**Student:** 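Dropping the structure in here first, questions after.
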Amino acid sequence: MHDVIIIGAGPAGLSAAYWCDELGLDTLVLENTDRLGGQLLQVYNPIDNYLGLKVANGLELSRLFTAGVEAAEFDLWTGVAIDSINLKAKRISLRSGEQLQAISIIIATGVRRRRLGIPGESEFEHKGIIESAARDRDLFAGKDVCVVGGGDAAAENALLLAEVCPTVTLVHRGKKLRARRTFTEQLQSNHCLTIFLESRVTRILGEENVEAVEIVRKEGIKPFQMAVRGVVIRIGVEPNTELFLEQLPLDDNGYIIVNGEHETSLANVFAIGDVSNPLGPTISGACGSGATAAKVIASRMLP
Ligand SMILES: Cc1cc2nc3c(=O)[nH]c(=O)nc-3n(C[C@H](O)[C@H](O)[C@H](O)COP(=O)(O)OP(=O)(O)OC[C@H]3O[C@@H](n4cnc5c(N)ncnc54)[C@H](O)[C@@H]3O)c2cc1C
C-alpha cells in the first residue's frame, strides 16, 4: 500500500512526485515509456517561458527536472504497462500481473498528438513523416513538403520549412486558419507557401519513402495527388484518458474534469497537467497543479 501512486512522469507527474516526497508521503510513480519528461522530449525549440529559466530545448529542461528529483526518495518505475485501474478502489493491475494499491491516485498522463488515421500514416513514420521541422528541417532542404493542420503548430512548422524548401503546401480542413495572426500574415505573404483551405489529406503514398499525398479539396470533387517528399501532421492533441473511461466524468474532448484543488469527482483521485487542462496547457501549469495536488493530499493525511 502506497500513500500516493502517480501515473505519468512528465512535468506534472515529476512535480507532484517531488512535492509528495518533500511532504513525507510514500510515493510511487508509474511511467509507460522509458524516459522522463513527457512532451518536453518533443520540444526542439528553445524554451524561455518557464519563469527564471532559459533552455535550448525540452530535453535540456527534462534533464533539469530529472536532476531536481534525483535526491528524492520516491519509487519510479519506467516502461510500465498498466492493464487496468479501479479508481474507486485505488487498485492498479499491471500487465506483468502485479497488483498495486494506494490511498490516493494522481493522474498525470498528459496528451498525445492527434493522428489523421489515413493509409500511409503509420507506414511512413520516420520515412518522410517529419517529426518536427525545428529538428528535421535540414533533412528536407530542397524538397517539396506538405503540412497538415491550421493551428499555431502547423503554421510554425510550415514557416520553418519554407525557409529551406522550394514549396510548402499547407492543407487545412477548416474555412479559416486557427493560427495566431502574426503566423497567418507570414504564411500569406510567403511566396513558397500555398494554402489549401476546406481540404483534406486522405492518403500518404510512396514506395520506400513518402513520394506524394492524396488531397481532396472539396467534398465530392475527385481527389488528386501532389508530389512531396515530406509531410508534417499537426492537427492538435488528445488526452491520454482511455484507462479512465466510464470511471470519471470527462469533457466533450475527453479531458478529465477537476475542481480547483485538481481533484476529480472521485475522492482522493486527482488529475493534473495537460490531461485536465484543455485550455491553457503549459509547463508551469503542469508543475503547479502537481504541487497543489500533493499539498492537498498531504493536508488530509498528515497530522
Ligand atoms: C512542441 C511542443 C512545444 C511546447 N512548448 C511549450 C513552451 O514553450 N512552454 C510551455 O509552457 N509549454 C510548452 N509545451 C507544452 C508542455 O510541454 C506541456 O504543457 C507539458 O509537458 C505538460 O506536462 P504533463 O506532465 O501534464 O504531460 P506530458 O508532458 O504529456 O507527460 C505525460 C506523461 O505521462 C505518460 N503516460 C501517458 N499515459 C500513460 C500511462 N497509461 N501509464 C503511464 N504513463 C503514461 C507519458 O508517457 C508522459 O511521460 C509544448 C509542447 C510541445 C509538444
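Ligands are counted one by one from 1 in listed order, and the atoms in each one are counted from 1 as well. Computed from heavy atoms alone, side chains included, the values below leave out hydrogens, waters and symmetry copies. From a predicted model like this one, the values you see are computed outputs, not experimental measurements.
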**Student:** Compute the shortest N/O to N/O distance between Val80 and ligand 1 and return yes if it is under 3.5 Å, no if not.
**Tutor:**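 Min N/O separation from ligand 1 is not below 3.5 Å for Val80.
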**Student:** Less than 4.0 Å from atom 25 (O) of ligand 1, is there any heavy atom belonging to the protein?
**Tutor:**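 Protein heavy atoms within 4.0 Å of atom 25 (O) of ligand 1 - there is at least one.
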**Student:** Would you mind running through ligand 1 and noting each atom that sits below 4.0 Å from a heavy atom of Ile7?
**Tutor:**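 Close to Ile7: 42 (N), 43 (C).
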**Student:** Does any N or O of ligand 1 fall below 3.5 Å from an N or O anywhere on Thr33, backbone included?
**Tutor:**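 Between Thr33 and ligand 1, no N or O pair is found under 3.5 Å apart.
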**Student:** Taking distance alone, with N or O pairs closer than 3.5 Å, would you say Asn240 contacts ligand 1?
**Tutor:**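 No - when backbone and side-chain N and O of Asn240 are compared with those of ligand 1, no distance drops under 3.5 Å.
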**Student:** Just which atoms of ligand 1 are under 4.0 Å from any heavy atom in Gly273?
**Tutor:**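 Near Gly273, the atoms of ligand 1 are 26 (O).
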**Student:** In this structure, would Leu36 and Val80 fall into the same cluster of hydrophobic residues linked by side-chain contacts under 4.5 Å?
**Tutor:**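 Each belongs to a different hydrophobic cluster.
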**Student:** Is it true that Arg300 and Glu263 make a salt bridge, defined as a side-chain N closer than 4.0 Å to a carboxylate O?
**Tutor:**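 So Arg300 pairs with Glu263 through a salt bridge.
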**Student:** Given that the side chain starts at C-beta and the backbone is N, CA, C, O, which of these parts of Ala286 lies under 4.0 Å from ligand 1, counting heavy atoms, or is it both or neither?
**Tutor:**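 It is the side chain that touches ligand 1; the backbone stays farther off.
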**Student:** Could you tell me whether Asp274 and ligand 1 have an N or O pair separated by under 3.5 Å?
**Tutor:**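 Indeed, backbone or side chain, Asp274 has an N or O that close.
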**Student:** Thinking salt bridges, do Glu123 and Lys127 make one under a 4.0 Å N-O criterion?
**Tutor:**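 Salt bridge absent between Glu123 and Lys127.
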**Student:** Using a 4.0 Å heavy-atom threshold (strictly under), name the region of Asn32 that reaches ligand 1: side chain, backbone, both or neither.
**Tutor:**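 Both backbone and side chain.
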**Student:** Just checking, is any N or O donor in the side chain of Thr33 or Glu31 under 3.5 Å from an acceptor N or O on the other one?
**Tutor:**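 Yes, a side-chain donor-acceptor pair sits under 3.5 Å.
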**Student:** With a cut-off of under 6.0 Å to the ring centre and 45° to the axis, is Arg217 in cation-pi contact with Phe224?
**Tutor:**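 Output no; distance or angle outside limits.
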